[in-house]
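Working notes, structure below.
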Amino acid sequence: EDQVTQSPEALRLQEGESSSLNCSYTVSGLRGLFWYRQDPGKGPEFLFTLYSAGEEKEKERLKATLTKKESFLHITAPKPEDSATYLCAVQATNDYKLSFGAGTTVTVRA
Amino acid sequence: DAGVIQSPRHEVTEMGQEVTLRCKPISGHNSLFWYRQTMMRGLELLIYFNNNVPIDDSGMPEDRFSAKMPNASFSTLKIQPSEPRDSAVYFCASRRTGATNEKLFFGSGTQLSVL
């Protein structure tokens with residue numbers, strides 16, 4: 001069974017204080033690893049898909065990286081608007097569904 | 001593009017009542033998923049449809065839960081009878097068929113409270 005573990009559960013940052021979120025996964029074969037952002041009262045919003053170890057993707061202050069066992073979401077010089085819960089999900093080879101981790105709730109204080 | 005549309009946004013009901021949640025996927029998306037989100041268990045897949053056909057309902061917790069997709073633009077998730085432990089946020093998500101590693105687009109969810 002696919003397993004996704006995210007750490008830490010919560011992260012409090014000062015504006016401008018860079019940090020990283022971790023997503024460790026166990027899957028028989030990785031078809032894709034997804035990062036989503038979820039704001040309170042809203043559905044998850046897609047950020048990135050990573051397909052193979054060594055791949056990196058960037059969007060504004062966010063950069064996602066992937067190894068064979070884990071993914072990191074780096075937040076560089078965060079702003080208060082980056083406050084949200086960040087969810088990681090994996091899709092196994094020959095599977096259709098995404099299995100989600102519990103998420104990391106990031107709070108950025110001005 | 002209006003995105004995935006869910007209704008109602010909030011539902012408060014009493015134990016034993018029937019609850020029906022509704023979803024309109026993005027036009028052209030032939031795969032539809034119902035997820036449930038709770039603090040304890042996070043996001044759990046309940047059921048997956050492809051081309052309006054239920055492919056995997058192994059995540060549906062009990063016979064009290066049922067889902068239908070009568071056409072490509074509409075799906076329902078029904079709970080009858082409802083119980084307090086069903087209280088959660090229910091999300092509908094869709095994506096294009098054939099792009100099995102394409103991203104899912106989520107609706108805003110239905111917050112269900114069963115008293």
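Just so it is clear: chains get the letters A, B, ... in the order the sequence lines come, proteins before strands, and each one is counted from 1.
Under the side-chain hydrogen bond (donor to acceptor under 3.5 Å, both in side chains) criterion, Glu81(A) pairs with no residue at all, not counting sequence neighbours.
With a threshold of 4.5 angstrom between heavy atoms, Gln38(A) approaches chain B through side-chain atoms but not through N, CA, C or O. Both the backbone and the side chain of Lys97(A) come within contact range of chain B, judged by heavy atoms closer than 4.5 Å. For Leu104(B), the parts sitting under 4.5 Å from any heavy atom of chain A are the backbone and the side chain alike.
The pair Arg85(B)-Glu62(B) counts as a salt bridge, with a side-chain nitrogen and a carboxylate oxygen less than 4.0 angstrom apart.
Checked by atom type, the side-chain pair Thr105(A)/Thr85(A) shows a donor-acceptor distance below 3.5 Å.
In plain terms, the two heavy atoms of Ser18(A) and Ala77(A) that are nearest each other are OG-N, 2.9 Å.
Identified by a heavy-atom distance below 4.5 Å to chain A, the contributing residues of residues 5-14 of chain B are Arg9(B), in residue-number order.
Between the side chain of Glu45(A) and the backbone N or O of Asp39(A), no donor-acceptor pair lies under 3.5 Å.
Atom CZ of residue Phe33(B) and atom SG of residue Cys23(B) lie 11.5 Å apart, to the nearest 0.5 angstrom. Distance SG/Cys88(A) to CZ/Phe48(A): 12.5 Å, rounded to 0.5 Å.
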